[in-house]
Amino acid sequence: MAFKHIFKAELNWTSKKEENPSLKIYNKNHQIKIEGKPVLDVSAAKAFKGDASLYNPEDLLLSSLVSCHMMSYLYVCSQNGIEVIEYSDNAEATLEVNPDGSGRFVEVRLYPKVKISNPDEIELALELHFKANQLCFIANSCNFPVLHKASCEV
């Protein structure tokens, strides 16, 4: 039996038209509030006339995938007795935008670099990225491939 968890977020935005109201360009800045956590200031990506200094939904989607994969990976490593010393990633997401303005992510590539304590476990440590990908809640919710090219060292 599957367990269900409900996550809630509150979004607040107020109309503040940019300097030329006749163009009907809206400011994309807004806030997301999650109970008990700091307010998150968000905008559109710079390419979509947003504030480049703020997080955007595309940043947050990629961040969610990177974070979820790492947590899933640490879980499977703990289940297999692998001591992870360091973990880093420089992930990339590819977004395609159509002429009509619609778009979608077509793939995400994760590049996890892992440092473990036992050189005899490098092969297993690399294989466990596949298991982590299968367990990742966020990756399982995406309709595009989440690929990974992992490296591991001692």
Side-chain angles (χ1 to χ4, degrees), residues 2 4-13 15-18 20 23-34 37-80 82 84-116 121-154:
K4 292 186 180 181
H5 299 274
I6 305 297
F7 294 86
K8 296 182 178 184
E10 175 186 338
L11 183 141
N12 290 298
W13 174 85
S15 177
K16 296 176 197 160
K17 295 215 177 157
E18 298 288 331
N20 190 343
L23 294 177
K24 296 183 181 177
I25 298 174
Y26 289 100
N27 180 312
K28 308 288 184 8
N29 297 5
H30 57 283
Q31 292 186 325
I32 295 176
K33 295 178 184 176
I34 298 172
K37 298 178 184 177
V39 171
L40 187 60
D41 291 313
V42 181
S43 188
K46 183 179 178 183
F48 307 113
K49 301 183 178 22
D51 184 338
S53 70
L54 300 178
Y55 292 106
N56 60 63
E58 296 82 7
D59 292 333
L60 298 173
L61 178 77
L62 180 58
S63 299
S64 295
L65 280 163
V66 171
S67 181
C68 190
H69 182 82
M70 182 202 70
M71 289 185 280
S72 298
Y73 182 74
L74 294 175
Y75 170 75
V76 295
C77 282
S78 70
Q79 296 295 305
N80 285 272
I82 294 178
V84 178
I85 299 168
E86 293 177 11
Y87 185 106
S88 63
D89 199 332
N90 288 300
E92 298 176 352
T94 302
L95 175 72
E96 286 185 356
V97 179
N98 300 312
D100 68 0
S102 67
R104 65 183 294 267
F105 280 96
V106 294
E107 80 175 17
V108 165
R109 291 188 176 270
L110 306 179
Y111 297 97
K113 290 177 73 172
V114 180
K115 186 174 184 179
I116 63 173
E121 297 174 330
I122 288 178
E123 187 175 329
L124 177 58
L126 288 169
E127 290 173 9
L128 289 176
H129 284 284
F130 293 102
K131 181 66 175 171
N133 196 58
Q134 292 173 338
L135 294 177
C136 176
F137 303 149
I138 307 301
N140 285 330
S141 302
C142 295
N143 66 352
F144 51 83
V146 178
L147 310 169
H148 56 277
K149 183 175 182 182
S151 63
C152 185
E153 63 183 40
V154 181

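- Taking CG of Leu110 as the reference point, atom SG of Cys136 lies at 8.0 Å (rounded to 0.5 Å).
- A heavy-atom distance below 4.5 Å is found between the side chains of Tyr87 and His69.
- A side-chain donor-acceptor contact under 3.5 Å links Asp100 to the backbone of Ser102.
- The neighbour count for Phe144 CZ, taken as heavy atoms of other residues, nucleotides or ligands under 6.0 Å away, is above 12.
- With Ser67 contributing its side chain and Ser64 its backbone, the two residues share no donor-acceptor pair below 3.5 Å.
- With values rounded to the nearest 0.5 angstrom, Thr94 atom OG1 is found 9.5 Å from Leu147 atom CG.
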For this session: I would like to know whether Tyr111 and Glu92 meet side chain to side chain contact (heavy atoms under 4.5 Å, CB included); could you show each step before the answer?
Result: CA-CA 8 Å; Tyr111 297 97; Glu92 298 176 352; 4.0 Å; yes
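- Across all their heavy atoms, Leu11 and Ile32 have their closest contact at CD1-CG1, 4.3 Å.
- With Ser72 contributing its side chain and Cys68 its backbone, the two residues share a donor-acceptor pair below 3.5 Å.
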Problem set entry | Derivation and outcome, side chain to side chain contact (heavy atoms under 4.5 Å, CB included), residues Leu60 and Leu40 | CA-CA 11 Å; Leu60 298 173; Leu40 187 60; 4.0 Å; yes
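- Under a 3.5 Å cut-off, the side chain of Asn27 and the backbone N or O of Asn29 do form a donor-acceptor pair.
- By the 6.0 Å contact criterion, CD on Glu10 is enclosed, its count of non-hydrogen atoms from other residues, nucleotides or ligands being greater than 12.
- Around atom CG of Asn12, more than 12 heavy atoms belonging to other residues, nucleotides or ligands sit under 6.0 Å away.
- Expressed to the nearest 0.5 Å, how far CD of Glu121 lies from CD1 of Ile82 amounts to 5.0 Å.
- When Asn133, Val84, Leu135, Asp89 are each tested for a side-chain contact (heavy atoms from CB on, under 4.5 Å) with Tyr73, only one passes: Val84.
- Side-chain atoms of Phe105 and Glu58, non-hydrogen and from C-beta on, do get closer than 4.5 Å to each other.
- Counting only heavy atoms from C-beta outward, the side chains of Lys28 and Trp13 never approach each other to under 4.5 Å.
- Counting all heavy atoms, side chain and backbone alike, Asn143 lies closest to Arg104 at O-NH2, 2.9 Å.
- Atom OG of Ser63 sits about 11.0 Å away from atom CD1 of Ile138, to the nearest 0.5 Å.
- Here the NZ-NZ distance, from Lys8 to Lys33, works out to 16.0 Å after rounding to the nearest 0.5 Å.
- Taking 4.5 Å as the limit, every side-chain heavy atom of Cys142 sits out of range of all side-chain heavy atoms of Val108.
- For the atom pair CG of Leu124 and NZ of Lys131, the computed distance is 12.5 Å after rounding to the nearest 0.5 Å.
- The two residues Ala44 and Asn56 have their closest heavy-atom pair at C-CB, 3.7 Å.
- Listed for the Asp41 side chain is no donor-acceptor partner under 3.5 Å among the backbone atoms of Gln31.
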